[in-house]
**Q** 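Pasting a structure below so you can have a look.
Every number for a ligand or one of its atoms is a count from 1 in the order of the listing.
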Amino acid sequence: MTLTAKEKARLKSNYGEWAIVTGASSGIGLELAHQLAASGINLIINGRQEERLLQAKKQLSRHQVQVIPVVADLAEAGGIDKIIQASRGLPIGLLVNNAGFGTSGLFVDASLFTEINMLRVNCEAVLSLTHYFAQQFKQQKRGGIIFLSSLVAFQGVPYAAHYAATKAYIQSFAEALAVELKPFQVDVLAAAPGPVDSGFAHRANMKMGNSLAPEKIGVPILKALGRTNNVVPGLLSKVLVYSLATVPRSAKIKIMKKVMGGFTQHQR
Ligand SMILES: NC(=O)c1ccc[n+]([C@@H]2O[C@H](COP(=O)([O-])OP(=O)(O)OC[C@H]3O[C@@H](n4cnc5c(N)ncnc54)[C@H](OP(=O)(O)O)[C@@H]3O)[C@@H](O)[C@H]2O)c1
């Protein structure tokens, strides 16, 4: 999928010359970075794996934009500082809080170290970067912030209990910020995809069915920015969300137990 020339021009005119995409070395972040670069927006891209990030820079630079790779682990305070330092003096207009990962299986059997690491990347880094850049956006009376939520954000999800909790944090944070920042012309979007075929499942030790290619969800996310505060990219995910809208939360948890149970069955 590609953005129309009109959409590309809208993104550049609304969010300006520079965007930051965390976790842009693969999957959804890389696809969003591609679409933004194709819109003529310069990028700061981040990830931990230097080789993949440099490869991404090479691909993105073909769109005749400047690309600054920041190799940084967002589980560490120093990693967040590296992104802030790289942005100094640049007119950043868009922050894409995309870096994240999941875990799965029984929470009691999980490594607490990994779970805390996930909390830092999925929530604490998002909190810090959003606090820093939202101040700039408020001052310049222009900006956009995209948060990567998930379909798991809307109820508890057995076998991905803590990952789902990190995404519930993101969803709630984004929904409220959208209202607080609207008077300052700052657009906030929570994007809640269902399964996406990226590096995510391997790292989370899940086997996901019916997953969409990242190329199917980048465009719907960027088209939604500035038009709505929530987007569920992908037809199947939309159908799932809307058909579950009136189902009581306790029943949704049971349904998600079945779904996530299927994704993690190989572990038991
Ligand atoms: N895939 C799905 O089914 C799905 C569904 C809903 C929401 N999401 C969310 O979408 C976002 C992107 O995931 P994805 O599916 O594109 O997975 P992915 O292909 O594994 O990409 C994750 C990205 O985050 C980066 N990252 C991970 N840990 C990091 C850390 N500690 N510091 C800095 N960067 C880090 C990775 O880069 P390095 O490996 O180089 O560090 C990579 O660029 C995540 O927030 C995820 O929770 C995914």
**Q** Would you mind checking which non-hydrogen protein atom is closest to atom 41 (O) of ligand 1, with the distance to 0.1 Å?
**A**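 For this ligand atom, the closest protein heavy atom is Arg48 NE, 2.5 Å.
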**Q** Measure the CG-CG distance between Leu151 and Leu240 for me, rounded to the nearest 0.5 Å.
**A**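 One finds 6.0 Å between CG of Leu151 and CG of Leu240.
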**Q** Is there at least one pair of N or O atoms, one from Leu148 and one from ligand 1, spaced under 3.5 Å apart?
**A**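 No; every N/O pair is 3.5 Å or more apart.
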**Q** Suppose we screen for ring pair (Phe, Tyr, Trp, His ring centres under 6.0 Å). Which residues come up paired with Phe133, at least two apart in sequence or across chains?
**A**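 If we apply the ring pair (Phe, Tyr, Trp, His ring centres under 6.0 Å) test to Phe133, skipping adjacent residues, there are no hits.
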**Q** Under 4.0 Å, heavy-atom basis, I'd like to know which part of Arg52 is in contact with ligand 1: side chain, backbone, both or neither.
**A**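 Near ligand 1, Arg52 shows nothing, with every heavy atom at 4.0 Å or more.
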**Q** Enumerate the residue pairs fulfilling ring-ring contact (aromatic ring centres under 6.0 Å, His included) with a member in residues 190-241, sequence neighbours excluded, ordered by first and then second residue.
**A**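 Qualifying pairs, neighbours excluded: Tyr163-Phe200.
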**Q** Under 3.5 Å, is there a donor-acceptor pair linking the side chains of Thr166 and Asn122?
**A**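 Indeed, the side chains of Thr166 and Asn122 share at least one donor-acceptor pair under 3.5 Å.
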**Q** I want to check a possible cation-pi pair here: Lys207 against Phe263, using under 6.0 Å from ring centre and within 45° of the ring axis as the test.
**A**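 No.
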**Q** Could you find the nearest protein heavy atom to atom 31 (N) of ligand 1 and give me its residue, atom name and distance?
**A**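 Closest protein heavy atom to atom 31 (N) of ligand 1: Asp73 OD1, 2.8 Å.
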**Q** Using a strict cut-off of 4.0 Å, indicate which atoms of ligand 1 neighbour a heavy atom of Ser150.
**A**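 Taking each heavy atom of Ser150 in turn, ligand 1 has 6 (C), 7 (C) under 4.0 Å.
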**Q** Do me a favour and list the nearest non-hydrogen protein atom to atom 6 (C) of ligand 1 with residue, atom name and distance?
**A**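 Scanning the protein heavy atoms, the shortest distance from atom 6 (C) of ligand 1 goes to Pro193 O, 3.4 Å.
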**Q** Give a yes or no answer on whether the side chain of Lys82 reaches the backbone of Val71 with a donor-acceptor pair at less than 3.5 Å.
**A**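 Between the backbone of Val71 and the side chain of Lys82 there is a qualifying donor-acceptor contact (under 3.5 Å).
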**Q** Give a yes/no on ligand 1: does Ala72 have at least one heavy atom closer than 4.0 angstrom to it?
**A**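 Ala72 counts as a contact of ligand 1 under the 4.0 Å cut-off.
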**Q** At less than 4.0 angstrom from any non-hydrogen atom of Met208, what atoms of ligand 1 do you find?
**A**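 Numbered from 1, ligand 1 contributes 3 (O).
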**Q** Which protein non-hydrogen atom lies closest to atom 32 (N) of ligand 1, naming both residue and atom, and how far is it?
**A**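 I find the closest protein heavy atom is Leu74 N, 2.9 Å.
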